[in-house]
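Order of listing sets the numbers, starting from 1, for every ligand and every atom in it.
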Amino acid sequence: MGLNVLIIGATSAIATEVARIYAGQGAHLFLLARNEEKLHSLTGELGSTVMGYEAGDLNDFEQNEGRVERALMALGSVDVALVAHGFLGDQIRSENEFDHALEILNTNLSSAVSLLIPLANHFESQNRGHLGVITSVAGERGRPRNYTYGAAKGGLTRYLQGLRSRLYATDVHILNIKLGPADTPMTADHDKNILFGEKTKVAQSIVNALTGRKHVVYLKGAWNPIMAIVRNLPEFIFQRFGFLSGR
Ligand SMILES: NC(=O)c1ccc[n+]([C@@H]2O[C@H](COP(=O)([O-])OP(=O)(O)OC[C@H]3O[C@@H](n4cnc5c(N)ncnc54)[C@H](OP(=O)(O)O)[C@@H]3O)[C@@H](O)[C@H]2O)c1
């Protein structure tokens with residue numbers, strides 16, 4: 001019997017690769033995403049492994065409980081759920097236009113919380129399941145190049161920490177996937193370096209981690225020690241390193 005898997009933000013470059021891996025394993029999938037055209041093409045590609053799908057803007061918060069309920073109905077129960085959508089936005093714009101800052105905060109934090117409430121309650125009631133959320137290394141320390149996005153992902157990290165503690169005595173596994181830069185449309189205009197993740201490898205690591213035992217994974221793994229340094233550097237030293245504290 002394949003796993004029942006719900007993927008939210010399924011047309012993200014990374015989530016699409018995750019969906020392909022699960023489909024190859026014979027899982028039953030329910031896919032939620034905003035981009036209708038990409039969603040139709042993905043469900044067409046994955047064929048009968050897709051038990052259902054729905055398109056919609058996840059910043060329509062009031063719709064999200066119903067979306068999760070319909071996914072649960074279609075799958076029967078969920079073994080694995082992945083929350084993958086996100087929005088980097090334009091940092092400088094977010095420093096000047098509150099509406100843009102709010103869109104970044106809503107997409108990366110509020111919409112995720114509106115989905116995690118019904119998902120976590122479902123997992124708690126069935127006393128099992130793996131719930132993974134993609135956050136970001138940007139959430140580890142506020143830096144000029146992405147602190148609005150980082151604030152949202154950092155807030156989401158704290159939310160997941162609390163959720164994990166709430167459900168610790170159950171068999172529900174809460175996984176925070178702290179992603180470093182990866183080569184996807186989100187970073188299309190960024191200079192690439194050796195620390196950039198490749199989407200198929202990142203996706204395979206996500207699938208492995210989702211049913212593994214860890215609560216937090218860094219992808220690539222090299223970000224784990226790097227972020228320990230970034231997190232813990234005293235402010236007066238941090239500010240001297242322009243590649244960390246600059247734009
Ligand atoms: N790539 C990186 O360097 C990197 C680094 C750290 C963390 N992450 C995180 O990794 C996850 C996957 O991103 P990715 O790299 O695969 O980038 P991506 O291909 O650009 O995917 C982002 C996805 O989020 C969706 N999305 C944005 N706003 C939405 C909304 N209001 N409602 C519904 N869907 C919405 C987009 O939908 P549309 O197709 O409709 O625009 C898109 O499918 C995200 O959570 C991202 O924050 C990425």
- prompt: When you look for heavy atoms under 4.0 Å from ligand 1, do you find them on the side chain of I14, its backbone, both, or neither?
  reply: both
Proximity flag P185 to ligand 1, non-hydrogen atoms under 4.0 Å: yes
message: Quick one: does any side-chain atom of T43 pair with a main-chain N or O of L39 as donor and acceptor, under 3.5 Å?
response: yes
- prompt: Below 4.0 Å from any atom of ligand 1, is there a heavy atom belonging to Y149?
  reply: yes
- request: Run the salt-bridge test on E45 and K38 with the 4.0 Å N-O cut-off and return the result as yes or no.
  value: no
message: Checking a contact table here: which protein heavy atom is nearest atom 15 (O) of ligand 1, and how many Å away?
response: T184 OG1, 2.7 Å
query: Between Q161 and R158, do the side chains contain an N or O donor and an N or O acceptor separated by less than 3.5 Å?
result: yes
message: Please confirm whether G180 approaches ligand 1 to less than 4.0 Å, judged on its heavy atoms.
response: yes
message: So if I apply the side chain to side chain contact (heavy atoms under 4.5 Å, CB included) rule between S205 and each of L179, L219, L210, which one comes out positive?
response: L219
statement: Nearest non-hydrogen protein atom to atom 25 (C) of ligand 1, with distance, is H85 CB, 3.9 Å
field: Identity and distance of the protein heavy atom lying nearest atom 6 (C) of ligand 1
entry: L179 O, 3.3 Å
- prompt: With a 4.5 Å limit on heavy-atom distance, are the side chains of R34 and L58 in contact?
  reply: no
statement: If you compare A152, A203, G86, G197 by their heavy atoms, the one closest to atom 22 (C) of ligand 1 turns out to be G86
message: Pairs of nitrogen or oxygen atoms closer than 3.5 Å, one from S12 and one from ligand 1: do any exist?
response: yes
field: Any N/O pair P181/ligand 1 closer than 3.5 Å
entry: no
statement: Under 4.0 Å between heavy atoms, the region of K199 that gets near ligand 1 turns out to be neither
task: For a side chain to side chain contact (heavy atoms under 4.5 Å, CB included) with Q91, tell me which candidate from R145, R247, R143 qualifies.
output: R247
query: Can you list the ligand 1 atoms lying under 4.0 Å from a non-hydrogen atom of T187?
result: 1 (N), 2 (C), 3 (O)
message: Counting non-hydrogen protein atoms only, what is the nearest one to atom 36 (C) of ligand 1? Give residue, atom name and distance.
response: R34 NH2, 4.1 Å
Side chain to side chain, S77 and R128, heavy atoms closer than 4.5 Å: yes
Ligand 1 to D57 polar contact by distance, N or O atoms, under 3.5 Å: yes
Protein residue, atom and distance nearest to atom 19 (O) of ligand 1, heavy-atom basis: A13 N, 2.9 Å
- prompt: Are any of the side-chain heavy atoms of V137 and I226 separated by less than 4.5 Å?
  reply: no
- prompt: At under 4.0 Å between heavy atoms, which part of N35 makes contact with ligand 1: side chain, backbone, both or neither?
  reply: both
message: Does E62 have more than 12 heavy atoms from other residues, nucleotides or ligands lying within 6.0 Å of its CD?
response: yes
task: Any atoms of ligand 1 less than 4.0 Å from a non-hydrogen atom of K38? List them with their elements.
output: 39 (O)
- prompt: What protein heavy atom sits nearest atom 12 (C) of ligand 1, and how far off is it?
  reply: A84 O, 3.3 Å
query: Which ligand 1 atoms are under 4.0 Å away from a heavy-atom of T135?
result: 7 (C)
- prompt: Going by the angle between their ring planes, with limits at 30° and 60°, are H215 and Y168 parallel, tilted or perpendicular?
  reply: tilted
field: Candidate with minimal heavy-atom separation from atom 9 (C) of ligand 1, of L156, N59, I134
entry: I134
field: Protein contact to atom 20 (O) of ligand 1 [nearest heavy atom, distance to 0.1 Å]
entry: M186 N, 3.5 Å
- request: Output the list of atoms in ligand 1 that are nearer than 4.0 Å to some heavy atom of T11, sorted by atom number.
  value: 39 (O), 43 (O)
- prompt: Mind checking whether I21 and Q25 have side chains closer than 4.5 Å, heavy atoms only?
  reply: yes
task: Could you tell me if any non-hydrogen atom of H190 lies under 4.0 Å from any atom of ligand 1?
output: no
message: Please report whether the ring centroid of Y53 lies less than 6.0 Å from that of H40.
response: yes
task: Measure across S245 and P144 and return the closest heavy-atom pair with its distance rounded to 0.1 Å.
output: O-CG, 3.0 Å
query: Which residue holds the protein heavy atom closest to atom 2 (C) of ligand 1, what is that atom called, and what is the gap in Å?
result: A182 N, 3.4 Å
field: Donor-acceptor pair, side chain of S125 and main chain of H122, under 3.5 angstrom
entry: yes
